[in-house]
Amino acid sequence: QVQLVESGGGLVQAGGFLRLSCTTSGLAFTTTKMAWFRQAPGKEREGVSCISPSSASTYYAGSVKGRFTISRDNAANTLYLQMNSLKPEDTAMYYCAARRTPWGICNSVDQTDFAYWGQGTQVTVSS
């Protein structure tokens with residue numbers, strides 16, 4: 001059974017930082033493409049960032065490029081999202097996601113490419 005569990009969310013002031021983690025189990029993590037998505041109230045879920053199994057390929061949405069960094073620790077089966085220079089518009093529920101089929105590169109972050117999802121962790125940025 002695949003499980004993805006996010007943590008690290010919270011309330012932070014604008015300009016601050018947070019580091020999200022996603023611990024996984026039941027996955028062949030070392031060969032699985034992973035991603036972060038977010039969904040703000042009243043808005044559709046959007047892709048934030050993607051990372052290939054080897055970390056050689058990454059992708060960032062334009063709204064977070066230069067501020068967020070995705071990474072993974074394959075030995076620990078864990079995905080991370082370092083979020084710096086946070087803005088109020090980054091406020092959302094953040095979800096990690098895993099692709100069902102192995103390998104793959106990241107030239108976009110489309111939710112239809114991901115089959116497994118965590119429950120989410122809330123990030124709130126105050127102005």
Side-chain angles (χ1 to χ4, degrees):
Q1 181 180 0
V2 175
Q3 287 191 317
L4 308 177
V5 180
E6 302 94 336
S7 62
L11 173 64
V12 64
Q13 288 188 329
F17 63 91
L18 286 172
R19 189 192 195 202
L20 305 184
S21 299
C22 172
T23 57
T24 74
S25 60
L27 279 177
F29 189 79
T30 57
T31 60
T32 300
K33 185 168 77 172
M34 301 292 297
W36 288 98
F37 291 79
R38 67 185 181 186
Q39 187 167 20
K43 295 188 176 181
E44 292 186 356
R45 186 160 55 187
E46 64 170 340
V48 174
S49 185
C50 171
I51 187 166
S52 65
S54 68
S55 302
S57 173
T58 58
Y59 175 88
Y60 296 93
S63 59
V64 307
K65 198 168 188 179
R67 300 188 297 121
F68 291 10
T69 302
I70 192 170
S71 63
R72 61 192 295 159
D73 182 344
N74 284 355
N77 295 336
T78 302
L79 175 72
Y80 301 101
L81 186 68
Q82 178 69 40
M83 306 187 296
N84 297 330
S85 302
L86 282 162
K87 304 176 180 180
E89 52 264 43
D90 294 318
T91 295
M93 185 73 78
Y94 283 71
Y95 301 91
C96 70
R99 191 169 186 248
R100 186 191 303 274
T101 53
W103 304 112
I105 61 172
C106 290
N107 50 20
S108 67
V109 55
D110 183 346
Q111 61 182 319
T112 62
D113 197 24
F114 296 88
Y116 304 110
W117 297 82
Q119 293 299 306
T121 185
Q122 178 67 39
V123 171
T124 303
V125 184
S126 63
S127 57

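Everything numeric in this text was worked out from a predicted model, so none of it was measured.
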Open item on the list: Apply side-chain contact (heavy atoms from CB on, under 4.5 Å) to residues Thr91 and Gln122 and explain how you reach the verdict.
Closed with: CA-CA 8 Å; Thr91 295; Gln122 178 67 39; 4.1 Å; yes

Task: Pairing residues for Ala97 by the side chain to side chain contact (heavy atoms under 4.5 Å, CB included) criterion, not counting sequence neighbours - done: Phe37, Phe114, Trp117

TODO: With sequence neighbours left out, write down each residue that passes side chain to side chain contact (heavy atoms under 4.5 Å, CB included) with Val123, or none if nothing qualifies.
DONE: Leu18, Leu20, Met83, Tyr94, Val125

Open item on the list: Are Val2 and Met34 connected into the same hydrophobic cluster when the rule is that any two of I, L, V, M, F, W, Y join if their side-chain heavy atoms are below 4.5 Å apart?
Closed with: yes

- [ ] Write out all pairs satisfying salt bridge (charged side-chain N to carboxylate O under 4.0 Å, His left out) with one or both partners inside residues 1-13, taking only residues at least two apart or from two chains.
- [x] none

TODO: Please report the shortest heavy-atom distance between Asn77 and Phe29, naming the atom on each side.
DONE: OD1-CB, 3.3 Å

- [ ] Give the minimum heavy-atom separation between Ile51 and Ser71, together with the two atoms involved.
- [x] CD1-CA, 3.8 Å

Task: Pro53 to Asn74 - nearest heavy-atom pair and separation - done: O-ND2, 3.0 Å

TODO: Spell out, as yes or no, whether a donor-acceptor pair under 3.5 Å connects the side chain of Thr121 to the backbone of Gly9.
DONE: yes

Open item on the list: Rounded to the nearest 0.5 Å, what separates atom OG in Ser108 from atom OH in Tyr59?
Closed with: 6.5 Å

Open item on the list: Whether the Asp110 and Thr112 side chains hold a donor-acceptor pair (N or O, under 3.5 Å, no angle test) is what I'd like checked.
Closed with: yes

TODO: Sequence neighbours left out, what passes side chain to side chain contact (heavy atoms under 4.5 Å, CB included) with Ala56? Give chain and number order.
DONE: Ser52, Ser54

TODO: Test the Arg72-Tyr80 pair against the cation-pi criterion, namely NZ or CZ under 6.0 angstrom from the six-membered ring centroid and within 45° of the ring axis.
DONE: no

- [ ] Of all the heavy-atom pairs spanning Tyr95 and Gly118, show the shortest one and how long it is.
- [x] CD2-O, 3.5 Å

Task: Any pair counted as disulfide bond (SG atoms under 2.5 Å apart), so long as it reaches residues 86-127, sequence neighbours left out - done: Cys22-Cys96, Cys50-Cys106

Task: Side chain to side chain, Tyr60 and Thr69, heavy atoms closer than 4.5 Å - done: yes

- [ ] Check whether Met93 and Phe68 end up in the same hydrophobic cluster, where Ile, Leu, Val, Met, Phe, Trp and Tyr are linked by side-chain heavy atoms less than 4.5 Å apart.
- [x] no

TODO: Please report the shortest heavy-atom distance between Val48 and Val64, naming the atom on each side.
DONE: O-CG2, 3.7 Å

TODO: Using the salt bridge (charged side-chain N to carboxylate O under 4.0 Å, His left out) rule, collect all pairs that involve residues 82-102, keeping only residues at least two apart or in two chains.
DONE: Arg38-Asp90, Arg67-Asp90, Arg99-Asp113

Task: Value rounded to 0.5 Å, distance of OG1 in Thr32 from CH2 in Trp103 - done: 9.0 Å

Open item on the list: As an exercise, state the distance from CG of Leu79 to CG of Asp73, rounded to the nearest 0.5 Å.
Closed with: 10.5 Å

Task: Pairwise distance OG(Ser49) to CG(Leu81) - rounded to 0.5 angstrom - done: 6.5 Å

Task: Minimum heavy-atom distance between Ser21 and Thr78, given as atom pair plus value - done: CB-CG2, 4.4 Å

Open item on the list: As an exercise, state the distance from OG of Ser7 to CD of Gln119, rounded to the nearest 0.5 Å.
Closed with: 13.5 Å

